[in-house]
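This report refers to the structure that appears directly beneath it.
For clarity, every value in this text was computed on a predicted model and none was experimentally measured. As a basis for the values below, the full set of heavy atoms in this structure was taken, side chains included, without hydrogen atoms, waters or symmetry mates.
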Amino acid sequence: MKSFLRTFFSRGIIIKISVVIAFVFIAGAVFAPVIGRYDPNAIELNNALKASGNGHIFGTDAYGRDVFTRLLYGARISLLASVFSCLAAAIIGMLLGLLAGYYEKAAALIIMRYVDIQLSIPPLLFTIVIGLVAGHGLGGLIFAISFGLIPGFTRLMYGIVLSIKESDYIVALRLADIKSYKIILKHLLPNSFPSMIVMFATNLGSAIMLESTLSFLGIGIQMPTASWGNMVSDGYSYLFTNPTLALLPGVCITLIVVAFNIIGDGLRDALDPRLRGKL
């Protein structure tokens, strides 16, 4: 554990700041009802476009809603969509990669050719199309994002299985007529977890970007529900008169995406047995 932490934090102050940023956003999302003093969806036109102060840390939007409170609730949507879409994509991708890598032949031909076809389509375009089909709301958003992330997890799992399957101890187990499910559960899956954890952490940032983009385009979360993407879209009209309405959620998106990417890099180093204990 000590070597893991030492390697994880070997990037210095950058990784520490990233962990703090991620913790602050997660805590803000979890405790949004406690921290936020206002109803995020309550419209008060007499308080529209108020500057910061008078109980409103970042002022109010065009409908008189407290911007700080909506940022907290927007973090909930972005983080929920990111975590659940990555989790769904990881589970499905691992299963497909296992089937394609372990059984090969027909399974690999069908699964990996589909993965190649999907990867040939720009991810954002593919996610937008799936989002339009899935419909509005958090459920449709998670479905669209996870569908777009599945090929990456599948290809990674496929490569891991192919490399491990040819190891001497796996070949010996198969020659000893050990059941396939035992080999998969006891050997292939545990050996794939480190790489999958790294990819999961890295894809959290990508999922937040996709959620924000879909919501910005009006495909994902709809008003009045707060999400960082639709807050940027809503504040875009006031970019020159009240720029904080669009800039604040944009800064939140940037910070959390960069933080998750750096944390993912730190996890990759910490989970690599060739690096642990050397830094």
Side-chain angles (χ1 to χ4, degrees), residues 1-27 78-98 100-102 112 115-116 118-119 123-124 127 145-167 170 184-212 252-279:
M1 186 63 180
K2 289 183 179 180
S3 61
F4 172 86
L5 293 175
R6 183 170 61 250
T7 308
F8 178 72
F9 288 109
S10 62
R11 292 174 177 265
I13 191 65
I14 294 178
I15 189 70
K16 295 180 178 67
I17 293 174
S18 299
V19 171
V20 171
I21 290 172
F23 175 80
V24 168
F25 278 113
I26 292 171
S78 294
L79 291 172
L80 279 174
S82 177
V83 170
F84 281 104
S85 60
C86 285
L87 189 61
I91 293 172
I92 297 172
M94 288 177 72
L95 291 175
L96 293 176
L98 272 171
Y102 191 80
M112 298 314 296
V115 168
D116 291 339
Q118 185 173 330
L119 288 175
L124 180 57
T127 307
I145 297 172
S146 61
F147 212 91
L149 296 177
I150 286 173
F153 285 99
T154 303
R155 182 173 285 278
L156 177 61
M157 190 67 186
Y158 177 69
I160 293 172
V161 172
L162 285 182
S163 64
I164 298 175
K165 192 178 70 171
E166 302 304 323
S167 301
I170 296 294
I184 290 172
L185 293 177
K186 292 184 177 181
H187 301 283
L188 295 181
L189 277 178
N191 279 289
S192 70
F193 282 152
S195 297
M196 285 294 169
I197 290 172
V198 171
M199 189 165 192
F200 179 88
T202 304
N203 274 341
L204 287 174
S206 300
I208 288 177
M209 286 294 296
L210 289 172
E211 180 278 321
S212 301
C252 290
I253 294 169
T254 302
L255 287 175
I256 196 65
V257 169
V258 172
F260 278 141
N261 285 336
I262 293 174
I263 290 172
D265 289 341
L267 286 173
R268 180 197 60 203
D269 295 344
L271 292 170
D272 189 338
R274 294 170 298 179
L275 295 176
R276 278 204 307 270
K278 291 186 177 183
L279 296 175

_Contact between Leu255 and Phe25 at the side-chain level, heavy atoms closer than 4.5 Å - yes or no?_
yes
*Atom CD1 in Ile262, atom OG1 in Thr202: separation rounded to 0.5 Å?*
11.0 Å
*Listed by chain and number, what are the side-chain hydrogen bond (donor to acceptor under 3.5 Å, both in side chains) partners of Ser78, not counting sequence neighbours?*
Glu211
_Minimum heavy-atom distance Ala207-Ser85, with the two atoms named_ = CB-OG, 3.7 Å
*Hey, could you give me the CG/OG distance between Asn261 and Ser206, rounded to the nearest 0.5 Å?*
6.5 Å
*Set of salt bridge (Lys or Arg N to Asp or Glu O under 4.0 Å) partners for Lys16, sequence neighbours left out*: none
*Nearest 0.5 Å, what's the OG-CD1 distance between Ser195 and Ile160?*
4.0 Å
_Non-hydrogen atoms of Gly205 and Val257 that approach each other most closely_ = O-CG2, 3.5 Å
_Ignoring hydrogens, what is the shortest heavy-atom contact between Thr154 and Met112? Give both atom names and the distance._
CG2-SD, 4.2 Å
_Nearest 0.5 Å, please: how far is CG in Leu87 from CZ in Phe153?_
9.0 Å
*Does a sphere of radius 6.0 Å around CZ in Phe193 hold more than 12 heavy atoms from other residues, nucleotides or ligands, not counting ones at 6.0 Å or beyond?*
yes
*Over 12 foreign heavy atoms within 6.0 Å of CE, Met199*: yes
*When rounded to the nearest 0.5 angstrom, what distance separates CD1 in Ile256 from CD1 in Ile263?*
7.0 Å
*Which heavy atom of Met157 sits nearest a heavy atom of Met94, and at what distance?*
CG-O, 3.5 Å
*Sequence neighbours left out, what passes side-chain contact (heavy atoms from CB on, under 4.5 Å) with Ile184? Give chain and number order.*
Leu98, Tyr102, Tyr103, Leu188, Leu189
*Taking all atoms of both residues into account, what is the closest heavy-atom pair of Ala89 and Ile150, and its distance?*
CA-CG1, 3.8 Å
_So which atom in Gly101 and which in Lys165 form the shortest heavy-atom distance, rounded to 0.1 Å?_
O-NZ, 2.9 Å
*Out of curiosity, Asp265 CG to Ile15 CD1, how far, rounded to the nearest 0.5 Å?*
7.5 Å
